[in-house]
Structures are given as structure tokens and as C-alpha cells.
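Below, chain A is the first sequence line, B the second, and so on; all start at residue 1.
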Amino acid sequence: MPYSTADLLEFHRRMLLIRKVEERLSQLFLEGTIPGTLHQSLGQEAVAVGVCSALRETDVITSTHRPHGHALAKGVSLPSFIAELLGKSSGCCKGRGGSMHVGDITKGMLPSIAIVGGGIPIATGVALAFKRRREDHVAVSFSGDGSVAEGIFHEAVNMGAIWDLPVLYVIENNRYAASTHYSRNTKLEQLSGLSAAYGIPGVTIDGNDVLEVYETAQTAVERARAGQGPTIIEAMTYRITGHNRRDPCNYMPEDERDQALEQEPVKRFEEVLLRDGHAEASLLAAMQTELESEIEAVIETALAAPAPDPEEAFRYVYAEPVES
Amino acid sequence: MPYSTADLLEFHRRMLLIRKVEERLSQLFLEGTIPGTLHQSLGQEAVAVGVCSALRETDVITSTHRPHGHALAKGVSLPSFIAELLGKSSGCCKGRGGSMHVGDITKGMLPSIAIVGGGIPIATGVALAFKRRREDHVAVSFSGDGSVAEGIFHEAVNMGAIWDLPVLYVIENNRYAASTHYSRNTKLEQLSGLSAAYGIPGVTIDGNDVLEVYETAQTAVERARAGQGPTIIEAMTYRITGHNRRDPCNYMPEDERDQALEQEPVKRFEEVLLRDGHAEASLLAAMQTELESEIEAVIETALAAPAPDPEEAFRYVYAEPVES
Amino acid sequence: MKKLAIAPALRDGLIEEMRRDKNVFCMGEDISIPGGWGGVFTVTLGLEEEFRDQLIDTPIAEAGSIGLGIGAALAGLRPVLDMQYSDFLFLAMDQIINHAAKLRYMSGGTLSVPLLIRAPVGATGRGAQHAQNMERFFTGVPGLKVLCPATAYDAKGLLKAAIRDDNPVVMFEHKLLYGSKGIGAATGEVDASSEIPDEDFIVPIGKGIIRRPGGDVTIVATLLMMHLALAAARELASQGIEAEVIDPRTLAPFDWPLLEQSVEKTSRLIIVEEGPKTGGWGAEVAASLGERMMECLTAPIQRVASPDIPVPFAPELENAYRPNVRQIIQAAESLVALG
Amino acid sequence: MKKLAIAPALRDGLIEEMRRDKNVFCMGEDISIPGGWGGVFTVTLGLEEEFRDQLIDTPIAEAGSIGLGIGAALAGLRPVLDMQYSDFLFLAMDQIINHAAKLRYMSGGTLSVPLLIRAPVGATGRGAQHAQNMERFFTGVPGLKVLCPATAYDAKGLLKAAIRDDNPVVMFEHKLLYGSKGIGAATGEVDASSEIPDEDFIVPIGKGIIRRPGGDVTIVATLLMMHLALAAARELASQGIEAEVIDPRTLAPFDWPLLEQSVEKTSRLIIVEEGPKTGGWGAEVAASLGERMMECLTAPIQRVASPDIPVPFAPELENAYRPNVRQIIQAAESLVALG
Ligand SMILES: Cc1ncc(C[n+]2csc(CCOP(=O)(O)OP(=O)(O)O)c2C)c(N)n1
Ligand SMILES: Cc1ncc(C[n+]2csc(CCOP(=O)(O)OP(=O)(O)O)c2C)c(N)n1
Ligand SMILES: [Mg+2]
Ligand SMILES: [Mg+2]
């Protein structure tokens, strides 16, 4: 596929945004500014950006306990995203959700779902609605390598398959579910092999190559929009950080980690841009500086924003009754 | 495989026992003598008998809402089986279980489980215990074509596979889950194809041919005893009766039913026995008469047995505390 | 006006709502198979022709089906899920409680999940896994509404209200009250049919009803137990005890004012519930009323419920499990005797 | 004797039981990965060497894992399942309630299911799906036992008792009480550590304990709330109100005699519970005590519990969700003021 330099720089900018935001979040967490827990997607940016770049705003994604990359790639606004992590009422979920539940339906992202596998049937149901209404939108379920062992994966993917629903099952295989290597929990070489059970296409791709991810997603999205049903995409990647901010990753062999750091998508893509003459180092540096100061400004505003009023804790439990 | 005439007649006797018991149960139900509901396995006798004939008493099976054939084939005593269906305290579950929950662990059958798919992980767990204790027993999970869509099927079979547990997953494909043809709920031609997701062998066999079932089960049992892990066996068969006693089966195409009646295992095996000279018609008739009178005697005794004492309804909820 | 049993009344409600709003659709196992049963209890029987497009037969995959329902509801549809037997809800608790009930809150009020789950309850000779009363597990879950219609009028009216409601709703229906001849049919001696108006109507969610007025003791009960309470009240009347029978009709939200007014008048309360006594919904009613109205009570609040055992199969045991009219009468007599 | 926090006390308990009986084994996600965390809260940390054969790391498949546990238990083993967060129990409700809890009964007493499920509860800044108190969903399920240790002594003693018990048991542990530095660590200000005897001991299931004697008002609470109740009692004492703090330690079976004796003495009862008030286990305690002891009560039984909302994320909202010492004190003051 021919990409313009502008396209390529945009892929890079999106990945870099996620990278820089997450690096900053990690500091805020360690300082105690972010409450709760924090699951970062450092090293997995190409999956989020590659897939979401193939989507329209009206397409809908579901995500997991590790949703930051997906949220930013799908267009959740940085201010509302950061504010949510800080538990502010200006957050995209008004501070009710937090780091594991960010989302904004106006940008096509449901509140992300922290029960492993829990979002898979929900994305499938969104796709069901699209199909019933004859809309050509697609739904995308992001989930980790750990999610495929859950029964709900099986139930949902099978229904997506038998009804030819417009849905992509993106398995972000970062090798580990918490501390557990995926090879412990399957007899398959690759998790895309699960597609054989559902009679749908399954592909394994280099999830650290943003263009490969983008192109694969595009093909699957076209299939889905054309009424030809779901695709399982296994994107091989690596979590170059802990499962959460408290995890020293001692279960990862050192050479595996080193190799993964070599392969991490942001640096890799940067090298490609430089090598192929799409950008000078100075331009990339400027892009980074710009992003960093944008992020700083957003954090400052978010920090100054009010926390939710405890009196308001009771709101939003029920929708108001509809007049009959 | 070479079978002696005695072997062959024994296969026949076991199938005929199930057939005759179920025919009689159906009458008792229609008379109102059997309370609740009744799921018969008429037409599926070869699966129960073929598989259970490859098992030892110490091997353990789990079954479903349609457990009569499995119970009788695994050796649950006829008197305690019939008494259970009649809700008597002499029943194999002392009248607590009923038609959908028959079982007798001393014969290697857990109380059968009427939540579709619910027994699959339990059989797998029994196999886990066998493996941990280094016993060469196997566990067998019987379940229907409808059960494979449940998430628990996926979770359990995957664990059976990754840990090489001594367990057989016997999918009794009688074409229908309640009123729903299995082809509506899968994109696969055959459900044995699901084995591809677990990296274990999967075979589809003629479930109405008791010898084919027996031989397939034997191979899988040997594999399991040898520590080589589970097998999925899809036994193609047909329910020549309603889902339960109230079902007129209007969802079954007439020619399909007619063909199925042609193929039903008891008659088919009888024909083979006669054709190959293993038995005279008179011998088979005598066998049937004998079984019928045994069944009658058992029913008579069971009918005369006392119902459980309502004061005893509270027993068996908890095991007694163990001294520490 | 026509007189209908619960199953056909529900069917009419579904027909009307599916006609009114094409976003309404039904999902479930065996609900619209040609030549099939219209669900285990015939509620969707005969709808396949007109509503082919609004009926989805699902695989046996309760958690997944409800998950798909949630997704469809989030995307603006109004799914009605048929559970065959409520016992299978245990398979889908995560989707219902962790997702359906919470997504509105988690999204800061930006999303809603207009999902209705229909789930038959009650012990009917099928043993421990097709017999439970599941109300207790959903009542008190923030974000959920819980309905328990005891009559055909309420069944239809609550169904229609629930379909139009923007929240996830679980509606429990009692197998012995359907009056259907479905494949899971279980004959109850109780007639729950009602005169059903020809016009569109709903029964508002959260409004109970006085089924029988009386000044001596209040009996609160739902579903089958409501009918047993009425039978008990009739017998009590012959002994000069006037019981007021309150049918809350919905357990969440609960019509506290109606019950409080009744107890103010009678100063005695009996709660009748099918299902183990410990931790039942009746516990909340007793605790809550006790907390607020202790001074008006002349006697302790009594709960008549099932013993704390799984549902047994044998009819003699099942009868010992299911609360009965005799027990209700005795509870009332003992309360009145206390003064 | 040595002083231990809950996480290491549980670890010791597992070590002792796994040494004592080779049929005991642990199953769960991430419990024994080399270089890993010993479960999210470090309870099985460092056990992999000695007990390689008695630790099974499972895929993320809660229903299946518990199902396997049931099968293994039926076959004579004694599995201990680690749930990471109790919220995930909703995925396995069918296996726990429809199977584990009932199989003994369904088999007419011929089988037993010696299974222990350990499940961390409590709101700790993680939002709605990693925060729930799940006790209410299991208390009152016939066939199950439910444990809630508030101290390291009880945690170890109840763990050991549960492992030796022939019934399925769910033990809830509070994240803020572990005192572990695990990956899911959440610092509580509360110290739940205890002096642990060197000898073998168990805490009998079904026996509560008086944590602090007092004559004016009884406060019953478990887990984190028990510690808040103690803090409240200390403050109340400075105002001249002597609260008796009862820790039932197990919710099923429940030590009714202990609570009844206390209420006989104080004639006032407060129940403190983390989790939505409506339908909590406190409802049963209030209903049951109210039923049996109304005449000794000088004031209505009060429940201090969370509001009926999902657990919110923002600390300000979560603090409004979690019951606090102030509320307990106010409840006690208002009861005493009633006379
Ligand atoms: C149902 C469920 N079980 C367990 C957990 C705890 N948990 C959170 S993340 C995680 C690992 C998930 O691994 P994977 O799916 O590979 O996603 P990743 O963390 O690698 O993005 C686990 C076990 C959970 N959140 N939900
Ligand atoms: C979890 C669950 N869902 C639904 C049912 C209701 N039900 C009972 S039998 C049955 C069909 C099962 O079909 P299959 O697995 O093919 O077994 P068969 O009846 O053909 O033996 C259904 C849906 C159930 N018992 N359990
Ligand atoms: Mg992973
Ligand atoms: Mg079938």
C-alpha cells in the first residue's frame, strides 16, 4: 500500500502520543497522584493505532483492563481521558470509571471492561445491532492472550461467526497474561488457530509493525462491512513494562525482554521513517516535544479540576423512567 | 477386532436393556407415575453401551439431563435407578435427584448434571485427580451437540488438553439440542472439528454402530490411560423420540426421521447378529422377554417402596464436620 | 377485554411491543424454531411468521447471549432474553451484574442498557437444577430492576413497561402460573389468568397492589406465593382474621409506601417466599420494615419460606420444600394470638 | 508464637496443610509462576519449590477451574482455589451454586465436595469490577459455608478448618487487611496481624468471637468493618457508651447463640457491612434477630452499610461508598439516645 509521508507521520504521532502519555502516567502513579492501579500498554502501541486507524468514529471498540492505548487511538479526548484516571468529574466517565474503565461512546469506545473476556460478547452484540439495523459499522473487541481461555470468548466468537456479524476479534498477544506465558495455556502454536473452531479466518501478524496491523485490520474491516463476518487477528507484541506499576517482571527471561525492547514498535517505526527519508530526526523530536507539552498542559488542567462531589455518588445508577 | 458371540450378545443385551427400560418409563410417565420430566435416549443406546463397555468400574462418567442410557450402561443397578425415577428413598440418590440426576459413584457414575455443559469440567477434574494420584483410571464426559456452544466446554476441554488429562469428551450428536438442529449453531461440518482449537485428537463416528463406538472409545481410553491426554469423540446418532415426553418433534423433517428409524442401533445390531449367524431370532426374543420380566419385577418392587420421609428432607445438605 | 393466562398474555405483550418498536427483539434458545415450541413455555409460539426478523434463536450459551444482548442494548436496541429456566442465570451472573447493571454508572450516565431478561422460577418436580427461585440474587444489585408478576395482567403490563424501560430488568415468571401447555409444562392448581384490556397499557415498575384488603395482618408475597397467600387469607377470614394481601409485583424497586401503610394499619407482617429462608428477599423486607416501623409492630415479623436445602426431587420432599397455605395460616394465627 | 499479617499467615496455613495431606493442592491464576507473585496478594509466594506438585497455575477460566476443582474434590482431593478478586466469582456461580453446593444433596449424601475457594473482597480504588463484597451472594446458599476472617489468627485457623472440612467453602479475605506488598497491594491503615501459635490449630467454622465486651450496644461486623467497629467502640467508650463488638467470623454457619447472648445483654444491635445495604447479609441478621428477639430490643436494629450503588472509582466517591467509623458511632449514639 502506498502511504503518504503525512499518513506515516500520523501513525507515528498517534503511537508517540500513547507512549508519552503512559510514561507520564507511570510517574503520576508512583507519585501517588493516580489512585488505584495502572496497567500500561507500553510496547503495544502499534496494535491500538494500527487497528483504530482502520476504523471510523462510528465504529465501536471494547477494551480491557489495559485500555489506554485503545482509548487514545480511538479518539477519546486526552483531557477527558487524563481526568478520568485522576478521578475527576471532568473525566470521560465522570470519575466513576477510572483507569480500567475509560471510554467515550461519542468517539466509539464503550467504557472499557476489566473482567477478562467480558467485553468480547458485548462487542459482538454491538455488531449484532449494526447488522440488524443494516448499518455498515463494525465493532472491534480488543482482548489479551489470556482472554481466549475464558468460556465467554468461545460463546461470543461462535455467535459472531454463525451470524456473520461485523466484528473483529483482536487478540493482543503480548506473550503474558499477568505473569503467565501464553504457551502454558494452549496446545496451539498461535492463538489465531482458534479460528478453526469457528469456521472464520484467523491470522497472526507482527503486532509491532503498525502498517501490518493497519493493513490486516483494513482487510478484516472490509470483510465485516461487506457482511462476510468476523476475523480473529492475533497481533504478536510484547509488554515492555510490568503487568501493572508494581510488577518487577521477574518471570520474563532477560534475553526475551532485551529482544522485545529491540522490536518495540515506536522506536522501530521511527527508524523506518528516518531510514526511508520520511522525516528528519529534528522533526520527530519536535513532534515529541509538542506532544509532551500538550500532555503537560492537559495534566495541569486535570489536576486543577474538581473531584466528584460525594453527594453525587448516587447519580447514574439508573436511567430515568421513560414515559409510556 | 474379533468378538466372540458372547461379547456380541452382551452388547446387544445392554442396548436392549436400555431400550426396554426407557419404553417402559415412557408409559409410567404418561400414566403419571413418574413425576417431573423425562428425557429419553431412545435411538442413542449404542453410544452409551459402546463407550461404557470400554470402561472399568473404577472409571468415572458424568452425564446430562438425558442420563438413563449412560447410567444403565455404566452399571447403576436397575432397582436403584428405577426407584430414583419414581422418587423413592431406595433410589440411587435416595429420591433427591430424580430422572435428570441419576448416578452411583460406587459404579463410577456421578449424579448426572442437568445444566448443559456443567458436567464437562467436573469430569475433567475427576481426571485431574486420577492423574495427580497416578491412577490409570479415566473419566468420560458425555454431553450433547448442544453443549459445545457453552463456554464451559471450551474452558474444560482446554484444561484437559494442556494438562494431558485422562478424559474423553464424548459429544453425542443426536442432531438436535431441544428443537434446534446443530448445524444452526456452528460453522463446522462436524463438531469433532472443535478439537483443532485444543490440539487434541477429534473423531466423528457412526454413533449407531455399537462396535465402532466401542473400538473408538477403546483407542481413546488407551491413549488416556497412557498419559497422552484427551480425545473428542463425536458420535453421530439420532433421538428417535421427543426431547422429552411432551415433545411432538414437529421440527424434525419427516424423511430425516424415517431415515433415522432405519438406522437406529438396536434394530441394526439385531440384524447383524441374525445375518452373521450369531443368534437365532428365538434367542433374541427370549433375551427380550427375560429383560422385560426383570424390568417388570423391578418396577413392581420400586412402586411398593416407601417415598422419602419429608422429615428427612433436611438431611444430606452438609457433610458432618471432620474432627481436626 | 379477553381472559388470558400468563403465557398468552406475555405473547401478546411481545407482539405489541415488537410491532410498536422495531428495535425490540427476542433472543433465546428454541424460541422460534419452525415446528418448535416457542420457548419451553410457549411464550413466543407462533410469532415466527410476523416477526422472523425480530426473533433470534441462540446456541446454548447463556452468558454469551446476555453479553450480546448488552452490546445490542448499548447500541440502542431493546433485547428481550428468554432464559428457559432461571437456574441458568448463574451462568450469566458476570454479564448481568458486572456489566449490564454497572455500565451506566461506570460510564458516568452516558450509556444505558435497556435489556429485559425473562426467567422462569419455581419448583416443579425437576430436581435441584431446574427449580430455584432466583429473585434473591438480583434484588439489591444496584442498577437492576426485578419484576415478579403474579397475574396475567401484571405479566403483560410489566413486560411492556420493562421493554420500554432504559435499565436492565430481570423478570421472574413462575412455571406453575403460566397456564401454558409447553414442553416444560407443569400443572399448577392456581389460575393466574386475568381479564386483559384491549388497549395498550403498562403496569408501572415499582408499584405494588393490595390484592385483598384486611385489617388484622399484612401478608406480602409474590408469584405463586401470592396466590397461596390469597388462599390462606380466605381461610383466615372464615376464622375471623382479616388478612391484607400485598403483592409488591416488583422487588426492585420495591413499593415501600404501600407496605408501610398496610403495616401501619395491621401492625403485623408476614412475608411469604419460595426459596430458602436464609438470605431471601424477605430478609430485606423484614430488616427494612423492622428498622423503620418497629414501634408499630405488635409482634415480630414472620417469614414463611422454604427450608435451607437444595430443591429435592421426590414429590413428598418437594412439598416439604414449597411453602404452603397451612404454614401461612399458622403464621397469621400465631401473630394474632400474640395480641 | 510469631506475629504475622494475614497474607503470610495464610501462606503458613497452606504450607502446613499441604505437608499434612498430599491430597491438598492449590489452583489459580498466577499462583506459582517462577519469578511471579504467588498470586495477586502473595499468599502462595515462594511455595513453588517445596510444593511444585501441589500447585497448579490455571488459565483465566474461573468457571472451568472451579468445575475442575469440584471434580477433583468429588474424587477425593482437597483443592484450594485462588480467585484473584472475588468479583470474578460471578463467572463461576453456576459451578459453585448449581454443582458444588448441591451435589452432596443430589447424591443422597453419598458424595462430598471438600473444596475451598479463597476470594479477596473490598473496595480499593480499582473501580466497579474489582471491588465488590460478595458475601451476600453465597450466604444462605444451602450446602455452602462462608468464612470472613478479620485477623491473621482467624485467617490461618479458618483456612485450615476449611481445608479439613468436607463441604464446599468460600472464604472471603479483605484486600486492605492482607498486609502484603503484592502486585494488587492496597494499603489499609488497619493492622490485622496476630500472634500465631507455633502449634497446629484451627478456628472452628461457625464460632464467632467477642472482640470487645460492652453492655450498651452490640455491633456485629466482619473483615475490614470489624476493625472499623473496634475503632468506633474505642471512641464511643470515651463518650461513656460501651459497645460490644461481635465478629461472627463465619457467615454460614452463623453463630446465633453468641449474638443472641450479646443482644440480650445490650438490647441494641448495629450491623456493619461493606457492600450495598439492600439485600446484604446484614438483612438476614436483622430479620432473623428481629423475628426471635423483638421483645428484648429497646430500639430498632440498625444497619450501617454501603449505599445502593456500584463501587465508584474516584477516592472521594469510594469513600462515600465504604462505611466509616463516623457512621458507626452515629448509629450507636442514636440507638442509645432512643433509650
Ligand atoms: C475474569 C478475570 N479473571 C482474572 C482477572 C485478573 N487479571 C487481570 S489482567 C489479567 C491478565 C490478562 O492477561 P491478557 O488477557 O493477556 O491481557 P494483558 O494483561 O496481557 O493485556 C488477569 C488474570 C480479571 N481481571 N478478570
Ligand atoms: C445451561 C443450560 N441451558 C439450557 C438448558 C435447557 N436444556 C435442557 S436440554 C437442552 C438441549 C440440550 O441439547 P444437547 O446438548 O444436544 O443434548 P440432548 O438433549 O440432545 O441430549 C436444553 C437447551 C439446560 N438444561 N442447561
Ligand atoms: Mg497478555
Ligand atoms: Mg442433542
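Looking at D:Glu16 and D:Asp200, their side chains come closer than 4.5 Å, going by heavy atoms from C-beta outward.
Under a 3.5 Å cut-off, the side chain of D:Ser194 and the backbone N or O of D:Ile196 do not form any donor-acceptor pair. Of the possible polar contacts, none joining the D:Lys145 side chain to the D:Pro168 backbone as a donor-acceptor pair under 3.5 Å is found. Checked by atom type and distance alone, the side chain of B:Tyr198 never pairs as donor or acceptor with a backbone atom of B:Pro230 at under 3.5 Å. The main-chain N or O of B:Leu188 is found under 3.5 Å from a side-chain atom of B:Thr186 such that the two form a donor-acceptor pair.
No close placement of the B:Phe142 and B:Tyr169 rings is indicated, their centers lying 6.0 Å or farther apart.
Of the listed residues (D:Gly206, D:Gly143, D:Pro59, D:Gly108), the greatest number of heavy-atom pairs within a distance under 4.5 Å of chain B belongs to D:Gly108. For chain D, the option among B:Gly103, B:Ala156, B:Gly97, B:Gly118 with the highest count of heavy-atom pairs below 4.5 Å is B:Gly118. Looking only at heavy-atom pairs under 4.5 Å with chain D, the residue among B:His137, B:Arg96, B:Arg315, B:Lys94 that has the most is B:Arg96. The greatest number of non-hydrogen atom pairs below 4.5 Å with chain D, out of B:Val102, B:Thr124, B:Leu165, is found for B:Thr124. Of the listed residues (D:Ser65, D:Pro114, D:Ala161), the one with the most heavy-atom contacts under 4.5 Å to chain B is D:Ser65. Between chain D and the options B:His101, B:Glu84, B:Met159, B:Arg132, heavy-atom pairs under 4.5 Å are most frequent for B:Arg132. The greatest number of non-hydrogen atom pairs below 4.5 Å with chain B, out of D:Val113, D:Ile205, D:Asp94, D:Thr110, is found for D:Asp94. The residue among B:Ile105, B:Ile115, B:Ile162, B:Ile152 with the most heavy atom pairs within less than 4.5 Å of chain D is B:Ile115.
D:Phe25 does not carry D:Arg78 over the face of its six-membered ring by the limits of under 6.0 Å from the centre and within 45° of the normal.
The side-chain contact (heavy atoms from CB on, under 4.5 Å) test with D:Phe172 is passed by exactly one of D:Ser86, D:Pro120, D:Pro149: D:Ser86.
Residues B:Ser192 and B:Ser195 have side chains that never bring a donor and an acceptor to within less than 3.5 angstrom of each other.
Contacts between D:Ile56 and chain B at a heavy-atom distance below 4.5 Å involve the side chain alone, from C-beta outward. Looking at D:Leu111, only its side chain comes within 4.5 Å of chain B, counting heavy atoms on both sides. Looking at B:Ser112, only its backbone comes within 4.5 Å of chain D, counting heavy atoms on both sides. If you measure heavy-atom distances from D:Glu62 to chain B, the contacts under 4.5 Å come from the backbone alone. Proximity to chain B (any heavy atom under 4.5 Å) is shown, for D:Lys160, by neither the backbone nor the side chain.
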